2 protein chains.
Amino acid sequence: MSDLFSPIKDSQTLSQKIERKIEQAIREKKLPAGSKLPTEHELCKMFAVSRTALREALRRLNARGLVDIRKGSGMYVADYNVDDAISSLLLYYDLKFDKNLILHINQARLMFEPEIAKLAAQNRTEKNLIDIKKTITDLIACNLDHIQAEADIINRFHAKITEASGNSFVMISMEPIFSLIPRMRNFIYANVDGERDIRVAYHQKIYDAIQAQDGETARNAMKELVEHTNETYINKLQKYNLER
Amino acid sequence: MSDLFSPIKDSQTLSQKIERKIEQAIREKKLPAGSKLPTEHELCKMFAVSRTALREALRRLNARGLVDIRKGSGMYVADYNVDDAISSLLLYYDLKFDKNLILHINQARLMFEPEIAKLAAQNRTEKNLIDIKKTITDLIACNLDHIQAEADIINRFHAKITEASGNSFVMISMEPIFSLIPRMRNFIYANVDGERDIRVAYHQKIYDAIQAQDGETARNAMKELVEHTNETYINKLQKYNLER
DNA sequence: CTATGTAATATGTATTACAAGTTTTTGGAA
DNA sequence: TTCCAAAAACTTGTAATACATATTACATAG
């Protein structure tokens, strides 16, 4: 026995053990979404633990989005949704947000968004077209000085195209970008003379291609757009660095 | 005031309020990673709540990976890492895993992996080359009948190339794929006569291009590889559907 | 200086009590 | 019988107390 002198104590607390047991049952669909868990009292008896430990376990599951708790009613297996999953990612990016991450995100957009536009051209529905079209009319209507509002509209343009791709994995992967951009809008979209017209033209061209289900054109136009955006950003960054 | 008659009761529990307060402080870096929180007793006095409510709040933060708790020592702001963030995503994919998701993932790989290979060719370090090379020699050495082991090696090949891209956002986005594939390996990589040699040739070609920092060749070779893999998968799927 | 024991301190678990929201039961009125 | 409202029963939320157990700091003996 090589582990003769291995630690005796179990590093896990009681509540963590209970948490894992219930989580496991949920993962294996033994407890389907929406189903009611036994009451605290019953669970205490079943696990043979105090209400303290049991409650802390269920607070853990609740915090992670796996269990809904309704006072006076009971505890239910939650319908674990994308937002729960993505919120953790956003928290991570939130904490690690720096100039390096912005560069990586810009790079990723250059790589991914043209392909996404192409896929969107193939899979778009009529509703997708309406959504995308609206962002363009909104952009045209947007006051030139409202930089924040403009950036949000542009952001929505890209998000709606991603949505039109119809690919859930792609949507989830890109979601952090669209959620983070409001925080770095001033870094990304430069407000230069004539920029608005150039951008609207790009958006319109991409929209037309997606409507015509012309994947290659959509891809190339989106490629030009994100490259253009990135250049504008780099120019702005250099100017900013010179000024200080 | 349109919310004159809105509910008076606060739907949030005490522990949730405390959770948010501390989370906010962590997000704003008022509590830097690694720093020690006040003791339970002190926090109880500061928030003017019972130990029960306070502990449940900290169990929530602990479950989410924001706070480390060491019995007998104290509570510390955790160094929130990628794994914490990704684990939530994995849980989501775990619960929503179905044939549709596999299709979306395959589609995403067709779109993204060629671009990733191109970027890897630009940014790869010597260590990246060693890691990628090893997966190829491992693949050659792998017994033809060990389907599981083979799939894991192939998976590592793709993961190491993604790592070589040097783009943190891309790595995080692709991570769920590499974590999920072990669950669907039998679906993805078909075991057909001569398949191994074809695959090794592709891997070698991609490796050479990455080593030579030839982005275009790496991109095109990876495109061929993932398309080949996808075709093999679809063939296998059709054959499987015919058999039943 | 080192090793060991001890006290102080921190978190983990259990128990009891009551508050407050929800659901079910009950019983009377129409 | 049917409907409705009050009451009871039940469920989760919060508080307070007690003790178990792990860690840390310090004192003491060698």
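Quick caveat: nothing in here was measured; it's all calculated off a predicted structure. Each chain gets a letter, A, B and so on, in the order the sequences are listed, and its residues count up from 1.
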- Query: Among dT12(D), dT13(C), dA15(D), which nucleotide sits nearest the side chain of Val49(B)?
  - Reply: dA15(D)

- Message: What's the closest nucleotide to the side chain of Arg59(B) if the choices are dG21(C), dT11(C), dT13(C)?
- Response: dT11(C)

Can you tell me the distance, in whole Å, between the [atom1] atom of [X] and the [atom2] atom of [N]?
X	N	atom1	atom2	answer
Glu56(B)	dT14(D)	CD	C1'	8 Å
Tyr76(B)	dT11(C)	OH	P	8 Å
Leu54(A)	dT15(C)	CG	C1'	15 Å
Met75(B)	dA22(D)	CE	P	19 Å
Ile69(B)	dT21(D)	CD1	P	19 Å
Glu40(B)	dT17(D)	CD	P	16 Å
Glu42(A)	dC10(D)	CD	P	11 Å
Asp68(B)	dA10(C)	CG	P	18 Å

With a 3.5 Å cut-off and just heavy-atom distances, do the side chain of [X] and the base of [N] make a donor-acceptor pair?
X	N	value
Ser73(B)	dA10(C)	no
Thr52(B)	dA15(D)	yes
Arg51(B)	dG12(C)	yes

- Message: Using a heavy-atom cut-off of 4.0 Å across all strands, would you classify Arg70(A) as base, sugar-phosphate, or nothing?
- Response: sugar-phosphate

- If you measure from CG on Leu89(A) to CG on Leu91(A), what distance do you get to the nearest 0.5 Å? 9.5 Å

- dT14(D) phosphate, OP1 or OP2, under 4.0 Å from Ser50(B) side-chain N/O: no

- Are Asp138(B) and Thr135(B) linked by a side-chain donor-acceptor pair shorter than 3.5 Å? no

- Please check if the side chain of His203(A) supplies one atom and the backbone of Ile136(A) the other of a donor-acceptor pair under 3.5 Å. no

- Nearest heavy-atom approach of Ile210(B) to Ala120(B) is CG2-O, 4.0 Å

- Query: Can you say whether the rings of Tyr80(B) and Tyr92(A) are parallel (under 30°), tilted (30 to 60°) or perpendicular (over 60°)?
  - Reply: tilted

